[in-house]
Amino acid sequence: MHISKSLIPILKNNPTEAKIKSHQLMLRVGMIRQSSAGIYSWLPLGFKVMKKIEKIVREEQDKIGAQEILMPTIQSSDIWKESGRYDDYGEEMLRIKDRQNREMLYGPTNEELITEIFRSSIKSYKSLPQLLYHIQWKFRDELRPRFGIMRCREFYMKDAYSFDLSDEDARFSYNKFYLSYLKTFKRLDLSAIPMEAETGPIGGNLSHEFIILAETGESKIFTDKRIFEVDSDGYKPEKKSLEELRKKFETYYSVTDEKYNKSEFEKNVPSEHRIITKGIEVGHIFYFGDKYSKPLNASVDLQGGKKDFVKMGSYGIGVSRLVGAIIEAKYNDKDEIMKWPLAVSPYDVALIPLISKNETSNIEKANNIYDFLKEKKIDVIIDDTEENFSSKIKKFNLIGIPYQILVGKKSEGDLLEFKEIGKETQQLSLSQIADLLIKQKSKI
Ligand code: 5CA
């Protein structure tokens with residue numbers, strides 16, 4: 001991509017309406033644009049990041065055997081009346097009437113719709129377990145949408161649903177998602193900790209929120225700092241392995257404020273290990289048994305002719321919120337430097353030539369480098385504008401592409417200035433740079 005032809009509307013200063021760093025940065029470098037309160041358009045830079053996050057989320061769902069589907073954003077109110085949530089959900093639900101005066105709604109979540117699909121498709125216990133997911137826009141008419149895409153009204157969510165015969169099998173499914181979440185967040189270079197949580201309007205009595213620490217987060221948490229040392233590597237989506245993993249995490253007290261109990265916290269966590277802080281909820285998983293299958297009559301035939309309601313769980317990841325959460329975790333707002341993990345960076349490398357009236361040879365040189373990198377399947381963005389060299393570098397430090405190639409006065413002969421954000425500049429040849437980038441990309 002050539003900057004001169006791109007839609008990357010950079011602002012000179014931080015927008016005053018944005019209160020937290022992710023919101024400021026996303027507006028400043030033109031990743032999103034507010035369309036109305038809590039509703040955003042995703043511009044090329046932001047959209048590329050979100051799509052890369054989505055891909056990682058999808059790959060980790062597929063690895064535990066979940067099947068991808070796509071349900072609509074608009075739902076009929078009928079199934080919500082069957083489950084009893086139509087009235088309970090309250091003003092957060094956007095209700096719409098179609099031309100036949102039928103009551104429709106913009107889905108805030110999909111427990112009812114997926115249960116309806118299940119009950120009309122699956123008849124026998126032999127088809128269980130069923131793990132289904134989709135990645136789709138949701139709408140919640142939040143009372144106070146704020147912090148940009150962190151708490152907005154329209155947001156992009158991965159929601160998965162599990163259907164099992166017994167309580168024990170359902171807990172096995174729950175644990176598969178628990179592991180898959182740890183793996184997903186690790187690939188995003190985030191340290192997200194599972195914390196016991198309340199179930200709210202989704203229901204049930206077993207639930208974990210996956211939380212990353214951030215002062216600007218909206219969840220208050222009470223935890224033992226040793227939980228951050230727990231390693232989830234080496235665990236497999238097998239019953240025993242998953243139970244061990246859960247046990248390992250549960251050695252350490254770790255809850256959100258609704259589950260907090262002062263005396264338990266003080267009894268279980270030595271004072272030097274206590275952390276009381278705030279975090280961002282990037283995922284939330286729930287087990288709620290037959291809360292929906294019973295009223296919606298989702299049952300399967302058992303051996304011997306009997307029937308039973310299936311046991312269900314649901315599992316959400318805030319895909320659009322994760323874009324902001326990664327910024328909160330990686331952006332140094334004091335020095336105005338962002339560094340995306342390569343796996344989700346909008347581009348692999350930024351090519352920054354010094355171009356001025358007296359320096360015309362650099363653009364040709366940079367264009368050749370650009371073509372060479374493109375040939376090697378490296379996603380490169382070139383700043384082909386005549387903007388001042390140091391402001392170009394400042395701009396790319398904000399955008400946060402982890403690698404920069406500077407084609408300036410210092411790049412003489414075959415060597416180029418190559419910089420990984422936050423590290424020393426190196427003098428490397430173009431083929432050395434390409435090899436290094438290809439190697440880093442192969443690790444994603
Ligand atoms: N049906 C369940 C699981 S699929 C569910 O809806 N869970 S949830 O309400 O916890 O949402 C799942 C995730 O979506 C949250 O962990 C959060 O990361 C994200 N999310 C929820 N509300 C918003 C919002 N208003 N703005 C941005 N992301 C949100």
Side-chain angles (χ1 to χ4, degrees), residues 20 22-23 26 32 34 37-40 42 46 50 53-54 57 61 66 69 71 73 75 80 83 85 89-94 106-115 131-163 173-174 177-178 180-181 184-185 188 190 192-195 197-204 206-212 214 216-219 221 256 258 279-288 291-292 312-328:
I20 65 171
S22 58
H23 190 195
M26 290 182 83
I32 50 168
Q34 185 173 320
I39 302 181
Y40 291 85
W42 289 77
M50 187 163 75
I53 294 173
E54 178 184 352
V57 169
Q61 295 294 290
I69 61 170
M71 291 177 268
T73 53
Q75 304 179 17
W80 287 74
S83 75
R85 271 208 298 185
Y89 216 91
E91 292 194 292
E92 260 193 27
M93 186 191 274
L94 180 66
Y106 194 126
T109 176
N110 284 50
E111 280 79 7
E112 284 77 0
L113 192 50
I114 195 85
T115 307
L131 310 183
L132 301 164
Y133 76 98
H134 78 157
I135 305 176
Q136 177 63 292
W137 293 96
K138 304 286 182 296
F139 193 93
R140 293 182 187 172
D141 205 351
E142 298 272 349
L143 182 60
R144 257 178 249 105
R146 59 185 187 145
F147 301 156
I149 50 85
M150 297 288 258
R151 173 167 299 280
C152 48
R153 297 199 297 164
E154 191 185 45
F155 58 98
Y156 202 44
M157 191 208 281
K158 185 285 299 178
D159 39 327
Y161 303 86
S162 64
F163 299 85
S173 291
Y174 183 93
F177 283 99
Y178 186 100
S180 128
Y181 277 33
T184 304
F185 298 127
L188 298 172
L190 291 175
I193 299 299
M195 313 218 170
E198 273 305 334
T199 54
I202 308 290
L206 169 64
S207 169
H208 287 89
E209 283 183 16
F210 287 76
I211 292 198
I212 64 162
T216 48
E218 294 191 280
S219 310
I221 52 176
T256 59
E258 304 120 338
I280 301 167
E281 177 200 324
V282 286
H284 199 162
I285 60 178
F286 303 81
Y287 175 53
F288 40 73
K291 176 175 172 185
Y292 300 91
M312 293 174 57
S314 74
Y315 315 89
I317 290 185
V319 177
S320 50
R321 176 180 285 184
L322 270 166
V323 180
I326 295 173
I327 297 174
E328 290 296 324

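Worth saying up front: this structure is predicted, and the values here are computed from it rather than measured. All ligand and atom numbering here is 1-based and tracks the order in the structure.
Close approach of ligand 1 to Ile149 (heavy-atom distance below 4.0 Å) involves ligand atoms 27 (C). Taking every non-hydrogen atom of Gly283 and a distance limit under 4.0 Å, the qualifying atoms of ligand 1 come out as 16 (O). Counting atoms of ligand 1 from 1 in the listed order, those under 4.0 Å from a heavy atom of His284 are 10 (O), 16 (O). Annotation for ligand 1: atoms under 4.0 Å from non-hydrogen atoms of Tyr315 are 3 (C), 4 (S). The distance from ligand 1 to the heavy atoms of Arg151 drops below 4.0 Å at these ligand atoms: 26 (N).
A side-chain donor-acceptor contact under 3.5 Å links Glu111 and Thr109. Between the side chains of Tyr174 and His208, a donor-acceptor pair is found at a separation under 3.5 Å.
Nearest protein heavy-atom neighbour of atom 26 (N) of ligand 1: Cys152 N, 3.2 Å. Closest to atom 9 (O) of ligand 1, if we only count protein heavy atoms, is Arg140 NH1, 2.8 Å. The shortest contact between atom 18 (O) of ligand 1 and any protein heavy atom is with Glu281 O, 3.1 Å.
Geometrically, ligand 1 and Thr109 share a nitrogen or oxygen pair separated by less than 3.5 Å.
Within the structure, ligand 1 lacks Arg153 among the residues with a heavy atom less than 4.0 angstrom away. Close to ligand 1: Glu111, with a non-hydrogen atom less than 4.0 angstrom away.
Here the side chain of Gln136 pairs a donor or acceptor atom with the backbone of Met71 at under 3.5 angstrom. Distance alone, capped at 3.5 Å, is enough to place a donor-acceptor pair between the Thr199 side chain and the Gly204 backbone.
Applying the side chain to side chain contact (heavy atoms under 4.5 Å, CB included) test to Thr216 and every residue at least two apart in sequence or in another chain returns Ile20, Ala214, Glu328.
Listed by first and then second residue, the ring pair (Phe, Tyr, Trp, His ring centres under 6.0 Å) pairs involving residues 140-159 are Trp137-Tyr156 (not counting sequence neighbours).
Using a cut-off of 4.0 Å between Lys/Arg side-chain N and Asp/Glu carboxylate O, Lys158 and Glu54 are scored as not salt-bridged.
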